[in-house]
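One structure is given below, encoded as structure tokens.
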Amino acid sequence: MTTAPAPGRDEGSVHHDDTAPPAAPDRDEWAEEWADKLWAAVRAADEYTAADVITNALEAGLPAETALLDVIGAVQRRVGTEWAANRMSVADEHAATAINDRVIALLPRQRPAAPLGRVTVACVDKEWHALPARLLAETLRLRGWEIGYLGAQVPTAHLVSQIHRSGATAVCLSASLPTRLPPAHAAITAVQAIGTPVMVGGLAFGADGRHARSLGADAWAREARAAADRLAAGPLPRPRPPHQAVDDLPHLADQEYTMVSRTARSLVRETFQRLEQRFPAMRDYDDAQRERTAEDLAHIVDFLAAALYVDDADVFTGFLTWTADVLTARGVPARSLLPGLDLMEEQLHDFPRARGLIESGRTALAPHS
């Protein structure tokens, strides 16, 4: 789930607080002040000071949910922004995420006397970005739900098994990257097949939840507070009877997604080799440059496959323009992406949807070239 600040409730305990919350601007400014302090601590990789910041914020009266979503969550969003702008290394990003994950444990943790129900929260298979799901799990816990939090990349078979054991009445699935949409679809249909409704969230499902709807999820929430409000409003709809992926996404019948995803490795390898032949300067790349180039090609193919799966060009063009910005921030011309697209199109000449997506990609990159 994303954690964008949203107006609404600020419950700080397991029970709802009827006390009127501070006016939104004051609350936001207060949270921003603590977020700035936490940011300074995580930027210095200072876990002790980070813990003091959250402890002091709670002692000063900041509601636990605000500390969770508007302080810790806000800092985590800033981590992603700073990495993309090349102002944080991967190691710095990981250190900051680890600190944020640990300071969440400082929030109050009381067993609800009368739980609202039991919910399983998990990331879909292959999704490693666990903190959004953790923020949702803790938000629900603060509001009085019993939570089974399963963390990152949960294989669908194990997810279903856990639901059987726990008796959860609803499942919340998180995915941050659109490349996780195919396993997310598999998880949604598998959980629904045992009669348990699924709510999904996270950037993978689109800012408007379009992919949640196309994959047949029973509900979608933009961020943690909205998800908690939806669960509190009443039971999720009863899931549909068991069905196949192609029932939700009829375009999959053309087999383009299947063929591209199954041949992804050879497509990347062939594109890399043809790039070396077409651009002799590549032969002078050092090992690190060759590795980065291969990684970029692999990501492009992964997002192309994801776009084919949901038949949405925005999945592909959004990734390309984001990558262009990341490359530009690191002094690499965005136009360096175009030769790879050309070579992939040559190999996918029998795949009209894929060629259409690649053309959309070129168009999207034009302002960046």
Side-chain angles (χ1 to χ4, degrees), residues 1-4 6 8-9 11 16 112 114-125 127 132-133 135-137 139-150 154 156-176 178 180-252 309-312:
M1 305 286 174
T2 59
T3 57
R9 305 155 72 167
E11 290 82 359
H16 294 289
L116 299 176
R118 184 168 183 81
V119 176
T120 292
V121 179
C123 294
V124 302
D125 198 7
E127 177 59 70
L135 294 175
L136 171 63
T139 300
L140 295 176
R141 200 189 311 274
L142 287 168
R143 293 198 184 189
W145 294 84
E146 282 189 340
I147 300 301
Y149 171 64
L150 307 186
V154 181
T156 296
H158 294 275
L159 173 64
V160 170
S161 176
Q162 195 275 345
I163 296 166
H164 277 302
R165 291 197 306 274
S166 69
T169 55
V171 172
C172 294
L173 291 177
S174 175
S176 296
R180 311 311 182 212
L181 288 173
H185 196 190
I188 291 168
T189 53
V191 173
Q192 290 175 331
I194 61 172
T196 305
V198 181
M199 179 161 57
V200 299
L203 294 174
F205 296 98
D208 57 359
R210 70 177 75 173
H211 302 311
R213 293 187 290 275
S214 67
L215 301 187
D218 301 296
W220 166 79
R222 183 183 303 278
E223 39 76 42
R225 285 191 176 97
D229 287 345
R230 175 61 190 86
L231 288 174
L236 298 180
R238 186 176 179 83
R240 292 175 299 161
H243 58 281
Q244 302 296 317
V246 73
D247 296 330
D248 295 322
L249 305 172
H251 56 267
L252 292 178
Y309 190 84
V310 292
D311 198 28
D312 185 348

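Positions are given from 1 along the sequence.
- For R118, the salt bridge (Lys or Arg N to Asp or Glu O under 4.0 Å) test picks out E146, with sequence neighbours left out.
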Tabulate below the donor-acceptor pairs under 3.5 Å that side-chain atoms of residues 192-202 make, not counting sequence neighbours, or state none.
| residue | atom | partner | partner atom | Å |
| --- | --- | --- | --- | --- |
| Q192 | NE2 | G216 | O | 2.9 |
| Q192 | NE2 | D218 | OD1 | 3.3 |
| Q192 | NE2 | D218 | OD2 | 3.0 |

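- Among residues two or more places apart in sequence or in another chain, the salt bridge (Lys or Arg N to Asp or Glu O under 4.0 Å) test is passed with R213 by none.
- Residues passing the side chain to side chain contact (heavy atoms under 4.5 Å, CB included) test with A186: none are found, sequence neighbours excluded.
- In this view, T139 and E65, L68, L69, R143, A224, A228 satisfy the side chain to side chain contact (heavy atoms under 4.5 Å, CB included) rule, not counting sequence neighbours.
- Take H211 and apply the ring pair (Phe, Tyr, Trp, His ring centres under 6.0 Å) test, not counting sequence neighbours, and it matches no residue.
- Among residues at least two apart or in separate chains, there is no salt bridge (charged side-chain N to carboxylate O under 4.0 Å, His left out) pair with a member in residues 192-207.
- Listed by first and then second residue, the ring pair (Phe, Tyr, Trp, His ring centres under 6.0 Å) pairs that reach into residues 187-209 come to none, sequence neighbours excluded.
- Residues meeting the side chain to side chain donor-acceptor pair (under 3.5 Å) test with S161, sequence neighbours left out: R165.
- The list of salt bridge (charged side-chain N to carboxylate O under 4.0 Å, His left out) pairs with a residue in residues 183-210, not counting sequence neighbours, reads D208-R210, R210-D312, R210-D314.
- Of the inter-residue distances, the one linking L236 atom CG with C172 atom SG reads 7.5 Å to the nearest 0.5 angstrom.
- For D125, the side chain to side chain contact (heavy atoms under 4.5 Å, CB included) partners at least two apart in sequence or on another chain are Q153, P155, P183.
- Every side chain to side chain donor-acceptor pair (under 3.5 Å) that H243 has, sequence neighbours left out, goes to R240, D248.
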